[in-house]
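One structure below.
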Amino acid sequence: MKKFKLAQALVLAGGVLGSVGFIGTAEAATITNGTLTLDVNATGSIHDVTNAAGGFWNYGYPTIGFGISSSAGFGREDANVGAGSFAGATVGGATTIVATGSWGGLNYTRTYSLSGFDVNISTLITNVGTGSETFKWFDAGDPDQGIPRSGGFASFNDVLPGYAIATNSSGLPPDLVKWSKTDSSAVLTFIPGSLEISNASQLDALYGTPYDPNLANEDIGIAIIWEKTLAAGDSITLNYIQSYGTPDDILVPEPGTFALLGAGVLGLFGARRRKAA
């Protein structure tokens with residue numbers, strides 16, 4: 001597995017440096033707010049999120065994308081590793097990136113925007129078919145947050161009320177990836193024994209039995225999953241937030257401790273209270 005991941009990383013690096021058409025070489029659109037820069041592939045999936053210290057998604061095996069399981073089957077869009085199922089297009093603006101596509105009788109419009117240390121992701125799904133459609137939609141990726149601090153492919157991973165977090169395993173000041181849900185029905189999970197969601201059975205199993213590593217140091221993927229039903233002509237919007245780095249308003253203890261388990265309630269507010277004091 002590690003040799004395979006290293007090989008994927010070398011292929012990606014060669015494509016970026018040589019600009020000769022390897023997977024993950026072309027970002028269709030880029031936006032920045034001075035804190036984060038977001039690069040989105042031509043297919044609509046994230047290529048990378050970077051700050052002053054560097055990127056968050058193109059270490060190791062850089063899988064980051066989205067997908068669906070419906071009556072039309074299973075589809076996944078993850079250009080960094082060459083997975084592509086959707087027919088669509090991506091358009092970049094001054095402050096947003098919009099990707100559109102379709103799967104069976106479902107159309108989607110996916111909008112990315114930035115605020116502070118956050119990437120806001122909103123996916124509008126419309127049933128343009130003639131009958132009701134039940135589907136699962138997911139976003140997933142392999143953080144590999146140990147690599148920037150020489151901690152290996154694994155990350156300390158945990159699911160807390162409202163968010164899932166992956167922080168590096170080196171014990172040095174952490175680089176982190178944090179996914180927060182804004183819909184209580186969404187399922188936050190990690191992907192045991194795997195880096196990505198590859199089929200409908202795996203997606204169903206994760207939705208039915210989410211996996212929480214409880215701060216274990218593992219080389220696994222992170223995911224958010226929704227299950228929805230749309231009548232013909234109806235639409236629904238699926239929102240969530242990705243946060244990056246070590247900003248003052250994200251309180252993360254040293255990765256080697258289990259204090260992170262208690263940060264679910266206090267993490268977003270502790271730093272602000274100290275500032276006010």
Side-chain angles (χ1 to χ4, degrees), residues 1 4-5 7-31 38-49 55-92 96-112 119 121-129 133 135-144 179 191 194-204 206-207 221-226 238 240 242:
M1 175 60 77
F4 173 70
K5 291 179 70 168
Q8 289 285 343
L10 291 174
V11 168
L12 179 68
V16 171
L17 294 174
S19 297
V20 291
F22 287 92
I23 57 173
T25 63
E27 298 84 55
T30 301
I31 54 175
L38 170 68
D39 294 323
V40 172
N41 294 300
T43 59
S45 60
I46 290 176
H47 175 74
D48 206 357
V49 178
F56 287 87
W57 287 109
N58 277 288
Y59 302 106
Y61 181 68
T63 176
I64 172 68
F66 55 89
I68 193 170
S69 178
S70 73
S71 63
F74 177 88
R76 173 178 153 217
E77 197 64 56
D78 188 345
N80 285 13
V81 290
S85 303
F86 298 94
T90 298
V91 177
T96 62
I97 298 172
V98 178
T100 56
S102 61
W103 184 252
L106 299 174
N107 290 349
Y108 68 85
T109 300
R110 185 172 172 87
T111 304
Y112 297 94
V119 178
I121 301 175
S122 177
T123 305
L124 172 67
I125 301 177
T126 302
N127 183 0
V128 296
E133 181 69 58
F135 63 93
K136 291 186 179 71
W137 180 274
F138 69 90
D139 280 31
D142 176 29
D144 278 338
W179 289 13
I191 309 170
S194 183
L195 309 174
E196 60 207 26
I197 298 175
S198 302
N199 54 65
S201 295
Q202 184 186 23
L203 178 61
D204 290 343
L206 280 171
Y207 185 82
I222 186 174
I224 184 169
I225 308 168
W226 296 262
L238 310 177
Y240 81 107
Q242 298 179 1

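The figures that follow rest on heavy atoms only: side chains count, while hydrogens, waters and symmetry mates do not.
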**Taking every non-hydrogen atom, the tightest pair across E133 and S70** = OE2-CB, 3.6 Å
**Item:** Polar side chain donor-acceptor pair, T63 to D78, under 3.5 angstrom
**Value:** yes
**Message:** Just to verify, what does F56 make a ring-ring contact (aromatic ring centres under 6.0 Å, His included) with, not counting sequence neighbours?
**Reply:** Y244
**Message:** Please list all pairs meeting salt bridge (Lys or Arg N to Asp or Glu O under 4.0 Å) that have one or both residues in residues 83-92, counting only residues at least two apart or in different chains.
**Reply:** none
**Fill in**
Heavy atoms of G55 and D48 approach each other most closely as CA-OD2, 3.5 Å
**Complete:** By side-chain hydrogen bond (donor to acceptor under 3.5 Å, both in side chains), T90 pairs with (sequence neighbours left out) none
**Prompt:** Do you know which two heavy atoms are closest between G44 and A99, and how far apart they sit?
**Reply:** CA-CB, 3.6 Å
**Message:** I need the D144 CG to W57 CH2 distance, nearest 0.5 Å.
**Reply:** 9.0 Å
**Message:** Could you measure the distance from the CG atom of D39 to the CD1 atom of I97? Nearest 0.5 Å is fine.
**Reply:** 7.5 Å
N/O donor to acceptor pairs below 3.5 angstrom from side-chain atoms of residues 194-202, sequence neighbours left out:
| residue | atom | partner | partner atom | Å |
| --- | --- | --- | --- | --- |
| S194 | OG | E196 | N | 3.4 |
| S194 | OG | E196 | O | 3.0 |
| E196 | OE1 | Y61 | OH | 3.2 |
| E196 | OE1 | R76 | NH2 | 3.3 |
| N199 | OD1 | S201 | N | 3.2 |
| N199 | OD1 | Q202 | N | 2.7 |
| Q202 | OE1 | S198 | N | 2.6 |
| Q202 | NE2 | E196 | O | 3.1 |

**Under the ring-ring contact (aromatic ring centres under 6.0 Å, His included) test, residues paired with Y108 that sit two or more places apart** = F66, F86, W137
**Side chain proximity check, I46 to I121, heavy atoms < 4.5 angstrom** = yes
**Asked** Quick one: side-chain hydrogen bond (donor to acceptor under 3.5 Å, both in side chains) partners of N127, sequence neighbours excluded?
**Response** none
**Message:** Suppose we screen for side-chain contact (heavy atoms from CB on, under 4.5 Å). Which residues come up paired with S102, at least two apart in sequence or across chains?
**Reply:** N107
**Asked** What heavy-atom pair brings G104 and A72 nearest, and what distance separates the two atoms?
**Response** CA-CB, 3.8 Å
**Complete:** dist Y112:OH -> L38:CG (nearest 0.5 Å) comes out at 7.0 Å
**Item:** By side-chain hydrogen bond (donor to acceptor under 3.5 Å, both in side chains) - contacts of Y240 (at least two apart)
**Value:** D139, Q242
**Fill in**
Looking only at heavy atoms, the pair that brings P62 and G60 closest together is CD-O, 3.3 Å
**Request:** Taking all non-hydrogen atoms of both residues into account, name the closest pair between S45 and G65 and its distance.
**Result:** CB-CA, 4.1 Å
**Item:** T126 (side chain) donor-acceptor with V128 (main chain) under 3.5 angstrom
**Value:** no
**Prompt:** What's the spacing between N58 CG and N80 CG if we round to 0.5 Å?
**Reply:** 5.0 Å
**Request:** Could you tell me whether the side chain of F135 reaches within less than 4.5 Å of the side chain of I125, counting heavy atoms only?
**Result:** yes
**Fill in**
For S69, the side-chain hydrogen bond (donor to acceptor under 3.5 Å, both in side chains) test, sequence neighbours excluded, returns none
